[in-house]
2 protein chains.
Amino acid sequence: MRISEAAARSGLKVDTIRYYEAEGLVPNVVRGLDGQRRFSPENVDWLTLLYWLRETGMPMKVMQRFAALYAQGDGTIPDRKEILLDHSRLLAKRRDDLDRCDEILSRKLEIYEEYLR
Amino acid sequence: MRISEAAARSGLKVDTIRYYEAEGLVPNVVRGLDGQRRFSPENVDWLTLLYWLRETGMPMKVMQRFAALYAQGDGTIPDRKEILLDHSRLLAKRRDDLDRCDEILSRKLEIYEEYLR
DNA sequence: TTCTTGACCTGGAGTTACTCAAGGCCGGTA
DNA sequence: TACCGGCCTTGAGTAACTCCAGGTCAAGAA
């Protein structure tokens, strides 16, 4: 499929996909005879994964490493697993941060309520 | 107190505090006779709030607006309340994102496990 | 008293991760 | 044939820090 559809399906913007490809984050993107990118379903799966990793705060350097491993084939699965497990721990930390912030917000809002009475 | 202590207490870095002040995010910071910033406990509370707002994804423009309202006194509390409520809704969205990503990660990890057997 | 150290200051450059705009190609439709 | 939409590349712009150079100043050591 074309880049606009890949964007719609993955959640990434067209510009971001091109940028990610240039930075080596998207292996195996082929071009048609017209020079345009063609995305396979596997490409789109990969982009979708990148979308969620980014959305939850994975730095590009890590994504780059992850993509390099992905490009090297199934032998790198243990390493990739390690990266995803690390990220999963980051998610837990972020959830804690959200809880902490929620707490602070509700305390602040209570104080506001008192002023408003 | 001095800037390094304000940084330690709020979670922000020294550089970030100076940057935030320059951008108008930190009202009422006074200077000593030596020209150095002195932070009151109220300043530190404010910085701590900014820390958590940033940590959970509030854009600087919003923080700027929030700070401007704060600087104008208690009359702006309804507006500030609105901003914090908006942010609270953003937190809920982020929690959903984390759940969604967790799901995707565990599916991916399952697939990896299968390869590893 | 002079020297050194450490914390602070400003201004400006560098970084990350996009994001947008300019200018150009190409295939399909009116 | 003329236009249009979607694609292309290159390069500039933006957000939010982050770091660095070069300088001041107060306080303790020699």
Side-chain angles (χ1 to χ4, degrees), chain A residues 1-26 28-40 43-44 46-68 83 87 90 94 97 101, chain B residues 1-26 28-40 43-44 46-68 83 87 90 94 97 101:
Chain A
M1 71 191 71
R2 288 177 301 158
I3 196 169
S4 57
E5 197 182 340
R9 287 187 196 255
S10 66
L12 294 169
K13 293 187 189 172
V14 167
D15 278 339
T16 308
I17 293 175
R18 283 200 277 253
Y19 171 65
Y20 277 6
E21 199 205 346
E23 296 297 308
L25 266 68
V26 198
N28 312 322
V29 181
V30 299
R31 301 282 181 129
L33 294 175
D34 51 4
Q36 298 186 3
R37 294 168 182 81
R38 299 296 158 191
F39 294 84
S40 67
N43 286 151
V44 173
W46 178 251
L47 289 173
T48 306
L49 179 56
L50 289 187
Y51 171 80
W52 285 105
L53 293 176
R54 178 194 70 175
E55 211 61 8
T56 54
M58 178 177 285
M60 265 192 60
K61 294 223 164 164
V62 181
M63 288 202 245
Q64 243 150 13
R65 175 162 160 61
F66 187 52
I83 290 174
H87 191 63
L90 184 74
R94 295 213 170 232
D97 283 356
C101 186
Chain B
M1 72 189 74
R2 289 176 300 161
I3 196 170
S4 58
E5 197 182 340
R9 287 187 197 253
S10 65
L12 293 170
K13 293 187 188 171
V14 167
D15 278 339
T16 307
I17 293 176
R18 283 201 277 254
Y19 171 65
Y20 277 6
E21 199 205 345
E23 297 297 309
L25 267 68
V26 198
N28 313 321
V29 180
V30 299
R31 302 280 182 130
L33 293 175
D34 53 3
Q36 297 186 4
R37 294 168 182 83
R38 300 295 159 194
F39 294 85
S40 67
N43 286 152
V44 174
W46 177 252
L47 289 173
T48 306
L49 180 55
L50 289 187
Y51 172 81
W52 285 106
L53 292 177
R54 178 195 70 175
E55 212 60 9
T56 53
M58 179 177 285
M60 266 190 60
K61 296 222 163 166
V62 180
M63 289 202 244
Q64 244 149 13
R65 173 161 162 65
F66 187 52
I83 290 174
H87 191 63
L90 184 74
R94 296 214 170 232
D97 283 355
C101 186

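Just so it is clear, the structure is predicted and the values come from calculations on it, not from any experiment. Every chain is numbered from 1 and lettered A, B, ... according to where its sequence line falls, protein lines coming before strand lines.
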Residue-phosphate contact under 4.0 Å: A:R18 side-chain N/O, D:dC8 OP1/OP2 = yes
query = Could you state the CE-P distance from A:M60 to D:dA15, rounded to the nearest angstrom?
reply = 20 Å
query = Which whole-number value in Å describes the distance from B:E55 CD to D:dC17 C1'?
reply = 13 Å
key: Separation of C:dA17 P from A:L25 CG (nearest whole Å)   = 10 Å
request  = For B:L12 and D:dT18, give me the distance from atom CG to atom P, rounded to whole Å.
outcome  = 10 Å
B:M58 CE - D:dA15 P separation (whole Å) = 17 Å
inquiry  = It should be established whether A:R37 places a side-chain nitrogen or oxygen under 4.0 Å from OP1 or OP2 of nucleotide D:dT9.
reply    = yes
task = Map B:Y19 and A:E5 onto DNA chain D by nearest heavy atom, then report which one ends up closer to the 5' terminus.
result = A:E5
message = Mind checking if B:D15 touches a base, just sugar-phosphate, or nothing, with heavy atoms under 4.0 Å?
response = base
query = Among C:dC8, C:dA17, D:dC17, which nucleotide sits nearest the side chain of B:M63?
reply = D:dC17
ask   = Closer to the 5' end of DNA chain C via nearest nucleotide, is it A:Q36 or A:K13?
value = A:K13
key: Rounded distance (nearest 0.5 Å) linking atom CZ of A:R54 with atom OH of A:Y20   = 4.5 Å
ask   = Would one find a side-chain N or O of A:T16 under 4.0 angstrom from OP1 or OP2 of C:dA17?
value = no
message = Assuming nearest nucleotide by heavy-atom distance, tell me which of B:P59 and A:V14 is located more 5' along DNA chain D.
response = A:V14
task = May I ask you to verify if any side-chain N or O of B:Y20 is less than 4.0 angstrom from the OP1 or OP2 atom of D:dA16?
result = no
query = Looking at side-chain heavy atoms only, is the closest gap between A:L90 and A:M58 below 4.5 Å?
reply = no
query = Of the nucleotides D:dC8, C:dC8, D:dA16, which one has an atom closest to the side chain of A:I3?
reply = D:dC8
key: Separation of atom CE in A:M1 from atom C1' in D:dG6, rounded to whole Å   = 16 Å
message = Taking the basic N atoms (NZ, or NE/NH1/NH2) and the acidic carboxylate oxygens, is any pair closer than 4.0 Å for B:D15 and B:R18?
response = yes
remark   = B:R31 has its side chain closest, among D:dA15, D:dC17, C:dT10, to C:dT10
request  = Could you state the atom-to-atom distance from CD of B:E21 to P of D:dA16 in whole Å?
outcome  = 18 Å
task = Report the residue from B:Y51, B:F66, B:W52 that forms a ring-ring contact (aromatic ring centres under 6.0 Å, His included) with B:W46.
result = B:F66
ask   = Given atom CG of A:D34 and atom C1' of D:dG5, what is their separation to the nearest angstrom?
value = 14 Å
Non-hydrogen atoms of B:R31 and B:E21 that approach each other most closely = NH2-OE1, 4.2 Å
